[in-house]
Amino acid sequence: MKVAIIHYWLVGMRGGEKVIEALCEMYPQADIFTHVYVPEMVSDRINRHKIIPTFINSLPRASKMYKNYLPLMPLALEQLDLRGYDLVISSESGPAKGIIAPARALHVCYCHTPMRYIWNMYQDYRDSAGRVARLLMPPLTHYLRMWDVSSAARVDSFVANSATVAGRIHRYYGADSVVIHPPVDTAAFSIAAPSELGDYYLMAGELVSYKRPDLAVQAFNEMKLKLVVIGGGEMLDEIRRLAGPTITILGPQPFDVLKKHYAGCRALIFPGEEDFGMVPVEAMASGRPVVAFGRGGATETVAKDLSGVFFPEQTVEAISSAVRNLAGIEIDPAKIAAHASQFGRDQFFQKMRAHIDGLLAERVRAH
């Protein structure tokens, strides 16, 4: 069976690329199509595949400024020649699902979220854009929304990475979807001995505005509790400026450092609304509880009063209150890690394979 995987861009290893790695493991024969490809920024597992970029990859400074070429990406996708492929899996968060699949091929879209910069977070992105971008965004995003909705009809089956995203797929595309959570390598994390636990809280992940890392830093400044921050991103310098004497900003760190801090922290602080959110699952796989904003994917992964607590609004006061509330629940690291295991790689492989194999079998019977 000839398989094509379509991914929006390969410029780093975040949650979407971890899904691509898992799909590569499921379909080692697959070819990968993408808008922009930076080989040194992705894993060996992905690089072992044949990777075909669209013409976006040849445009000036595409490796850094790829999002500026968003209006051209629908055209680029429709130029891809997918003749001969039996199964097409698109990985959607940036434009990916709008390919034109062969008539007899099955097209499954694994949707991390409908493009947030034109849908649910449009106003946030527009507010943070420069003056010229703010002027251009309304007409460009209007065109992209029309194309995005029409291209949804090219998908045979949507798979959502969370119930939160399934709701967006239904709202924006009018389509049903199956929920299959993304693969978290829960086996890669371990529980620390009680003697190895630290006196700090942890915030990890990309430091970008919609994840609200500034709120966590302000809350811990006021509480005068220790907070360690791991991760890079556009807000790193701002977070360094905000940090008081109890905040340690480590910036981007290798996996071994992150793993050690997960296992040793008192709790993970998760102030943003995510589509799914792998970071809370990784913390729970390390036996540590999560203090999370009570919306989005975290509400599907964090079990209230077993593996963490929620705060109802994104404010400094709400975060501080939730941290205090955490002291009132019994922390059982083994139970927390067991809860996290349901989001492991094996579950993803089993559910994804069963779903795709079932669709392929239906297609054979229909023909």
Side-chain angles (χ1 to χ4, degrees), residues 189 191-254 256-274 277-296 298-299 301-333 336:
F189 301 90
I191 298 172
S195 61
E196 296 173 347
L197 291 177
D199 61 350
Y200 63 91
Y201 294 80
L202 176 68
M203 180 169 62
E206 193 179 18
L207 301 174
V208 292
S209 58
Y210 81 88
K211 300 191 180 204
R212 299 312 308 269
D214 53 313
L215 290 178
V217 170
Q218 290 168 28
F220 277 79
N221 280 342
E222 288 190 9
M223 291 187 288
K224 294 182 170 53
L225 293 174
K226 291 182 181 178
L227 177 69
V228 174
V229 180
I230 294 179
E234 63 194 33
M235 288 186 71
L236 180 57
D237 290 340
E238 180 183 340
I239 293 302
R240 283 193 167 122
R241 287 193 297 272
L242 278 175
T246 64
I247 316 289
T248 303
I249 312 294
L250 295 182
Q253 293 292 323
D256 287 347
V257 174
L258 176 61
K259 177 181 174 180
K260 182 179 178 181
H261 279 82
Y262 273 142
C265 71
R266 295 180 69 175
L268 176 82
I269 308 300
F270 196 69
E273 179 183 351
E274 285 278 20
M278 288 188 170
V279 167
V281 179
E282 292 175 346
M284 291 186 293
S286 308
R288 306 316 302 156
V290 179
V291 178
F293 179 42
R295 279 174 56 182
T299 62
T301 59
V302 179
K304 186 174 182 292
D305 295 338
L306 168 69
S307 67
V309 295
F310 295 104
F311 50 94
E313 53 188 10
Q314 289 174 307
T315 64
V316 168
E317 295 74 21
I319 292 174
S320 300
S321 177
V323 170
R324 290 191 293 270
N325 290 342
L326 185 66
I329 73 168
E330 180 185 351
I331 305 300
D332 187 326
I336 293 173

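Positions are given from 1, in the same order as the sequence printed here. Here the structure is a predicted model, which means the values were calculated and not measured.
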Exercise for the section: List the atom of V291, the atom of L326, and the distance in Å for their closest heavy-atom pair. Expected result: CG2-CD2, 3.9 Å
Practice task
Kindly give the heavy-atom pair with the smallest separation between E313 and F293, and that separation in Å.
Solution key: CA-CE1, 3.7 Å
Practice task
Identify whether the distance between the nearest side-chain nitrogen and carboxylate oxygen of R212 and E273 falls below 4.0 Å.
Solution key: no
Handout entry: Atom pair OG/CD of S286 and E282 - distance to nearest 0.5 Å
Key = 8.0 Å
Practice task
State the CD1-CG distance between I269 and L202, to the nearest 0.5 angstrom.
Solution key: 8.5 Å
Fill in the blank from the handout: Taken in chain and number order and not counting sequence neighbours, the residues that satisfy side-chain hydrogen bond (donor to acceptor under 3.5 Å, both in side chains) with Q218 are none
Problem - Note, V281 side chain near M278 side chain (heavy atom, < 4.5 Å) - result: no
Fill in the blank from the handout: Sequence neighbours excluded, the answer for side-chain hydrogen bond (donor to acceptor under 3.5 Å, both in side chains) partners of D332 is none
Practice task
Could you check if a side-chain atom of S209 sits within less than 4.5 angstrom of a side-chain atom of E234, using non-hydrogen atoms only?
Solution key: yes
Completion exercise
The reported gap from CD1 in I319 to CG in L215 (rounded to nearest 0.5 angstrom) is 5.0 Å
Fill in the blank from the handout: To the nearest 0.5 Å, atom NE2 of H261 lies from atom CG of D256 at 12.0 Å
Problem - Qualifying residues under salt bridge (Lys or Arg N to Asp or Glu O under 4.0 Å), relative to R324, sequence neighbours excluded - result: none
Problem - Any side-chain heavy-atom pair of E274 and K211 under 4.5 Å - result: yes
Handout entry: Side-chain touch I336/P289, heavy atoms, less than 4.5 angstrom
Key = yes
Problem - Where S307 and M284 come nearest, the two heavy atoms and their spacing - result: OG-SD, 3.2 Å
Handout entry: Listed partners of R266 passing salt bridge (Lys or Arg N to Asp or Glu O under 4.0 Å), at least two apart
Key = none
Completion exercise
Closest non-hydrogen contact found for G277 with P280 is O-CD, 3.4 Å
Fill in the blank from the handout: side chain to side chain contact (heavy atoms under 4.5 Å, CB included) with L250: of L258, I230, V229, only one passes, and it is I230
Problem - Check: Y201 and L225 side chains under 4.5 Å, non-hydrogen atoms - result: yes
Completion exercise
The residue among V302, N325, D305, V290 that forms side chain to side chain contact (heavy atoms under 4.5 Å, CB included) with F310 is V302
Exercise for the section: Decide side-chain contact (heavy atoms from CB on, under 4.5 Å) for K304 and T299; before the verdict, give the C-alpha distance in whole Å, the side-chain angles of both, and the deciding distance to 0.1 Å. Expected result: CA-CA 8 Å; K304 186 174 182 292; T299 62; over 6 Å; no
Problem - Nearest atoms (heavy-atom pairs only) where A192 meets L197 - result: CB-CD2, 4.5 Å
Completion exercise
Sorted by chain and residue number, the side-chain hydrogen bond (donor to acceptor under 3.5 Å, both in side chains) partners of R240 (sequence neighbours excluded) come out as none
Handout entry: Atom pair CD1/CG of I239 and D214 - distance to nearest 0.5 Å
Key = 5.5 Å
Fill in the blank from the handout: Those residues at least two apart in sequence (or on a different chain) that pass salt bridge (Lys or Arg N to Asp or Glu O under 4.0 Å) with D199 are K226
Practice task
Indicate yes or no: at least one non-hydrogen side-chain atom of V323 is less than 4.5 angstrom from one of F220.
Solution key: yes
Completion exercise
When every non-hydrogen atom of M203 is compared with those of L268, the smallest separation belongs to CA-CD1, 4.4 Å
